[in-house]
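Everything on this sheet refers to the single structure shown next.
All values derive from a computational prediction rather than experimental measurement. Both ligands and their constituent atoms are indexed starting at 1 by order of listing.
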Amino acid sequence: MSEEIEDHRLLNASENEPFSSVLERRVSRRSIMRGGLNVAAVSMLAGFGLTACSDDDNDNVSSSDGDRAAAMMLAFEALEGSQQDAVVVPGASSSQGSAALTAGAAAATSGYTAQVVMPWGTPINNNGQAWNQNLAFTPEIQANSVGMHHDGMHNFPISDDTASSNFIMALNNEYIDQLALFDVISTGVAPQGYDYDAESRRLDRNDQPRAADDSRTEINAHGVTVVELRRNENRVWDVVRSSQYNRRVTSATPCELAGPVAGSDYVVTAYDNTGMSTRGTNNNCANGFTPWGTYLTCEENWPNVFRKDSGRAADDNRLGIPTGSTRYGWETSAGDATESADEFARFNATPTGETAAEDYRNEPRTFGYIVEIDPYNATSRPVKRTALGRFRHEGCWPGKLVEGEPVVFYSGHDSRNEYIYKFVSDAVWNPADANTAGATTDRLAIGAKYMDAGTLYAARFNADGSGEWLELEPDTIVPASAGSRYAGMTLASALGLEAGDRAGIIIHTCDAADLMGATPMDRPEWGTVDPVSGEVYMTLTNNSDRLPEGQSPTFSNGSSIEEPGSAYDEAPVNAANPRVNNNDGQVIRWVEPSPGDTRFSWDIFVFGALGTDSEADDYNRSSLTAQNYFSSCDGLWYDDRGDGQGILWIETDTGGTDVTNDQVLAVVPQGLSKGDNASVIHEGNQAQLKRFAVGPNGCEVTGIFATPDKTALFINIQHPSNWPIDDSGSNTPDATVEPSGNVRPRASTVVIQKADGGQIAV
Ligand code: FEO
Ligand code: CA
Ligand code: CA
């Protein structure tokens, strides 16, 4: 996401010790850190107790271990930073692409190409319309074209034989750029309901209602795009127009509810009095996938498309449902003569009827979930798997699969000082449920088996490097250690719910995690799992604007910290929350003895650093340099190559810094061990973290996977300011070429391939 849709409020008023504070305490115990996760991981996997990783005697293991020479080497020269309207990759042949290479870079023949594929507006069937710079989008054109602002994505094989040249792509379209959607900059004409200031290039809402078709076009630009992609003999990738798999899921598509919340009173609306369904998925940020071949799309900054001016409940406040207005004003199209089935009215959750069955007071409670989509069946309905919790889900990642053990999924709540969660299935993994390309299996039925029944946990990180998954069930007892006046009560009782109300626990997921003493984190973004070791990596992107020491927090709604659901305007600094700013973020990792275990051991993998002179010397804790400065890490992917070694890919979302535009970095993590520093990446080994690609000006780089043969790496360029080139209607131009003038920007997928067709990065 860009800062434009980032919700900067701090909505967690619990007094739980924040991760920043836990980390400071851990870092101060320097000797503990020397053993590193490798020692702890090996011990844990062998079934040992968690105390081993807080054993101060780990030093000797660390010193003898050293940085093992990795058998798998990254065989590209790290890029310098870049600030241009083009994607930069190692050894690109275009003049623009090679400009930012370090001296002595590889010649073009051994270098890489970067091609635009499926940019926003690409028709996915014959009801779409070929792109041109002046194309006027209608609801119908957008519903039949690739959505806007690409984010998480995943590939699904159509046949195992062709999986690296032809597959189904499922792609999130997180949010929209109204300037580009309505071609405002070149026409100077604002959509109804907005005033346009050309100098600042800003649209500001006025008191006119939104035109119904404009709202529909925007609703249709959100959601998910599913298309078949194919590579031709020239290694050019493009959408297979009108493939049986192609479809759009938008913020209006009917979706099923499943799991504890489905059918409960919490989700009864005028649309569905039974509480079994809703319409649309929204602000789909990162993603996930299941071992049985389905796509998981994750609802992140959805609260701001709703408003609720009265009749508010604790969860409305805790999740930040606005009052008075919404992000895009879709609800102002309500009452238009063409409105169908309250398609706009539903975005205003203010009660208007006698009961919930007559209005949309519960509509926001049908959002905030992990949504499962069967990419192989274009007529199947998406299913919201409520058992995995309700919050601002960044993404959802399966843990290591072990036959006969539960299937687990990790998910982070991307807001300041929110939590990391883990879902553990009741059903144990049966390899017969693994995806078979081309099979007519009912994949959503398998999803129901593993994702509708299970236990949700929130994470507590301890300063000694141990951690605990805290159960969130109605009868879970609130611990005294959380320091809460609710200690000793059941969670259901503490939250004012009926005994055994599992739906209520899910609706109030964050409050339940508050009560259990979960650790507030610095904005969890993507996770990824090393499939061999089971180590889980997760980005904590940043957490800024805490109040300086000595200042007291203020509250936007006049409430106080004692009141559940109260919200800080800014995060306070106090004994438990001591750092004013974490501007650049870090990657953490943890490992558990087995998938269903409630204990884990954690560590810092790498700290971000901006690379500007203004930072204090001790800020750059991983000793990054010009070849790997990064800030606001976000996307993450563990590439399983190298006989169990793998490559960790890291993407960034700063919108650009003084040093570089947003980027992709790579590192082989296995074999790295700590020095005396606080993170696995440190002065002695930081050169192994290498910048692989840089995006165009203004963008965020997000979404990532490679084909099974690892010859093509797919990434997404979101919200570029002036890119890609307009190539005579082509949907596949060279991503490394700068436009000669101003173009209508298009978020897009980019495929990076080696010019010689070999594996990327090695
Ligand atoms: Fe949509 Fe947390 O990024
Ligand atoms: Ca993100
Ligand atoms: Ca982000």
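Residues satisfying the ring-ring contact (aromatic ring centres under 6.0 Å, His included) criterion with Phe705, sequence neighbours excluded, are Phe167, Phe714. Residues that satisfy the salt bridge (Lys or Arg N to Asp or Glu O under 4.0 Å) test with Arg744, not counting sequence neighbours, are Asp183.
A side-chain donor from one of Asp662 and Thr654 sits under 3.5 Å from a side-chain acceptor of the other. Side-chain N/O atoms of Thr625 and Gln627 include no donor and acceptor closer than 3.5 Å. Side chains of Tyr638 and Asp530: a donor on one and an acceptor on the other come within 3.5 Å. Side-chain atoms of Asn542 and Asn583 form no donor-acceptor pair, as typed in the model, at a separation below 3.5 Å. With hydrogens and angles left out, the side-chain atoms of Arg307 and Thr326 include no donor and acceptor closer than 3.5 Å.
Distances shorter than 2.8 Å separate atom 2 (Fe) of ligand 1 from the protein N/O/S atoms Glu300 OE2, Glu394 OE1, Asp414 OD2, Glu525 OE1.
Between Tyr410 and Trp469, the angle of the ring planes lies from 30° to 60°, which puts this pair in the tilted group.
Ring-centre distance between His154 and Phe289: below the 6.0 Å cut-off. In summary, the aromatic rings of Phe391 and Tyr421 are positioned with their centroids under 6.0 Å apart.
The atom of Glu394 nearest to the Ca ion (ligand 2) is OE2, with the search restricted to N, O or S atoms.
Each protein N/O/S atom under 3.0 Å from the Ca ion (ligand 3) was counted, for a total of 3.
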